[in-house]
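When a ligand or atom number is given, it counts from 1 through the structure's own listing order. Hydrogens, waters and symmetry mates play no part in the numbers below; they use all other heavy atoms, side chains included.
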Amino acid sequence: MTITLALSKGRIFSETLPLLKTANIEVLEDPETSRKLIIPTSNPDLRIIMVRATDVPTYVRYGAADIGIAGKDVLIEYGLDGLYTPIDLEIAKCIIAVAAPNNFDYAKRIEQGRITVATKYVKTAQEHFTHKGVHADIIKLYGSMELAPLVGLADVIVDLVSTGNTLKANNLKMIEKICEISSKLIVNKASYKTKLKDIQSIINIFQKAK
Ligand code: AMP
């Protein structure tokens with residue numbers, strides 16, 4: 001039975017390759033140069049589909065992919081309905097954090113009790129500031145969050161930080177860590193029952209490799 005694995009380009013894809021290699025599974029096209037969205041592997045029973053990171057849980061939830069790899073940042077926003085998350089693969093690690101221009105007086109703004117936040121991570125940001133007892137006006141963005149406080153769209157951003165180089169290059173600083181992020185294997189609950197043996201063998205590969 002063929003198993004379909006949903007991945008996204010970038011760190012998740014590149015850090016998944018070595019895990020598959022431990023079971024001698026080679027990915028037969030490079031999605032960074034190929035325009036193909038369905039990519040075969042050297043295992044005829046495993047194929048990969050390339051989708052946007054935020055769409056991985058959707059493909060898996062509806063069973064268009066049996067399994068997928070998604071960041072905890074995406075899973076927090078999306079929810080885990082219909083998904084089983086057997087393994088934290090500990091790849092594509094980073095943190096989700098509040099960041100602001102170097103000269104921004106965060107403590108003062110928190111004391112005043114209201115802040116404007118630009119982010120792709122609406123739920124995470126809302127929960128974070130609610131927890132602090134601060135009213136957050138959230139502005140949803142889809143990318144280049146770092147720009148927002150530089151041009152007056154928001155006071156702060158909530159975004160992923162890895163090396164911190166992007167913040168530094170834009171005269172921003174990390175103010176508060178919200179949580180640590182890594183990527184998890186997600187499995188369609190129905191597929192897990194109907195393709196138990198095949199999915200369990202893929203889970204075992206990832207379990208052993210991590
Ligand atoms: P850095 O400059 O290394 O701190 O990386 C920050 C930029 O990379 C931001 O634009 C983030 O949205 C993005 N980023 C960092 N880590 C990840 C990750 N694990 N997955 C996806 N995007 C990331």
Side-chain angles (χ1 to χ4, degrees), residues 5-20 27 30-33 37 39 48-60 65 67-80 83 85 87-104 106 115-129 136 138-186 206 209-210:
L5 166 66
L7 295 179
S8 53
K9 280 190 190 178
R11 280 185 69 185
I12 289 183
F13 181 80
S14 64
E15 294 182 31
T16 298
L17 288 186
L19 301 180
L20 292 174
V27 177
D30 177 2
E32 302 293 342
T33 52
L37 299 173
I39 301 183
I48 291 172
I49 60 169
M50 298 304 305
V51 302
R52 287 284 290 255
T54 46
D55 291 335
V56 169
T58 307
Y59 277 85
V60 177
I67 56 180
I69 297 179
K72 197 174 152 201
D73 53 323
V74 170
L75 295 173
I76 291 169
E77 292 295 314
Y78 185 88
L80 292 175
L83 303 173
T85 55
I87 314 173
D88 186 339
L89 296 170
E90 290 171 46
I91 58 168
K93 281 187 172 182
C94 59
I95 61 169
I96 191 159
V98 182
N102 288 330
N103 60 2
F104 182 71
Y106 185 62
I115 195 160
T116 309
V117 185
T119 189
K120 186 154 77 169
Y121 304 106
V122 172
K123 204 170 153 200
T124 305
Q126 193 72 65
E127 279 172 12
H128 178 70
F129 287 103
I138 310 275
I139 298 174
K140 164 105 186 178
L141 290 178
Y142 294 87
S144 301
M145 258 85 78
E146 295 85 0
L147 183 63
L150 305 179
V151 293
L153 182 62
D155 299 315
V156 298
I157 60 171
V158 166
D159 195 10
L160 302 181
V161 181
S162 181
T163 59
N165 289 343
T166 308
L167 293 181
K168 209 186 280 172
N170 290 292
N171 300 316
L172 302 173
K173 63 180 174 189
M174 194 178 94
I175 292 176
E176 222 163 44
K177 175 170 150 183
I178 299 180
C179 75
E180 290 182 355
I181 300 295
S182 56
S183 291
K184 293 184 175 184
L185 192 67
I186 59 174
F206 283 113
K210 70 164 243 191

* Report yes if some N/O of K93 lies less than 3.5 Å from some N/O of ligand 1; otherwise report no. => no
* Asked: Do any non-hydrogen protein atoms sit less than 4.0 Å from atom 2 (O) of ligand 1?
  -> yes
* Should V161 be counted as touching ligand 1, given the test is an N or O pair under 3.5 Å? -> no
* At a 4.0 Å threshold, what atoms of ligand 1 neighbour a non-hydrogen atom of E146? -> 9 (C), 10 (O)
* To do: Check whether any side-chain N or O of K9 sits under 3.5 Å from a backbone N or O of M50 as a donor-acceptor pair, and report yes or no.
  => no
* How far is atom 7 (C) of ligand 1 from its nearest protein heavy atom, and which residue and atom name does that atom have? -> T166 OG1, 3.6 Å
* Asked: Are more than 12 heavy atoms from other residues, nucleotides or ligands located less than 6.0 Å from atom NZ of K140?
  -> yes
* **Close-contact set for ligand 1 against D159 heavy atoms, below 4.0 Å** => 9 (C), 10 (O), 12 (O)
* Which residue pairs satisfy the salt bridge (Lys or Arg N to Asp or Glu O under 4.0 Å) criterion with at least one member in residues 117-127, sequence neighbours excluded? -> none
* Asked: Under 4.0 angstrom from ligand 1, any heavy atom of K120?
  -> no
* Report yes if the side chains of L160 and D73 come closer than 4.5 Å at any heavy-atom pair, otherwise no. => yes
* Asked: Given side chains that start at C-beta, do those of I96 and V158 come closer than 4.5 Å, heavy atoms only?
  -> yes
* To do: May I ask you to list the atoms of ligand 1 that are less than 4.0 angstrom from any heavy atom of S162?
  => 1 (P), 3 (O), 4 (O), 5 (O), 15 (C), 16 (N)
* To do: State the atoms of ligand 1, each with its element, that fall below the 4.0 Å cut-off from a heavy-atom position in T163.
  => 1 (P), 2 (O), 3 (O), 4 (O)
* **atom 13 (C) of ligand 1 touched by protein (heavy atom, under 4.0 Å)** => no
* To do: Tell me, yes or no, whether the heavy-atom count around F13 atom CZ, taken from other residues, nucleotides or ligands under 6.0 Å, exceeds 12.
  => yes
* Sequence-distant partners of E180, salt bridge (Lys or Arg N to Asp or Glu O under 4.0 Å), two or more places apart -> K177
* Going by distance alone, is a donor N or O of one side chain under 3.5 Å from an acceptor N or O of the other, for Y121 and Q126? -> no
* Asked: Can you find an N or O of A92 that's nearer than 3.5 Å to an N or O of ligand 1?
  -> yes
* Asked: What protein heavy atom sits nearest atom 17 (C) of ligand 1, and how far away is it?
  -> L160 CD1, 3.7 Å
* **Region of M145 engaging ligand 1 - heavy atom pairs below 4.0 Å** => neither
* Has the side chain of E32 got a donor or acceptor atom that lies under 3.5 Å from a matching backbone atom of G10? -> yes
* **Per-atom contacts of ligand 1 with G164, taking only distances under 4.0 Å to non-hydrogen atoms** => 1 (P), 3 (O), 4 (O)
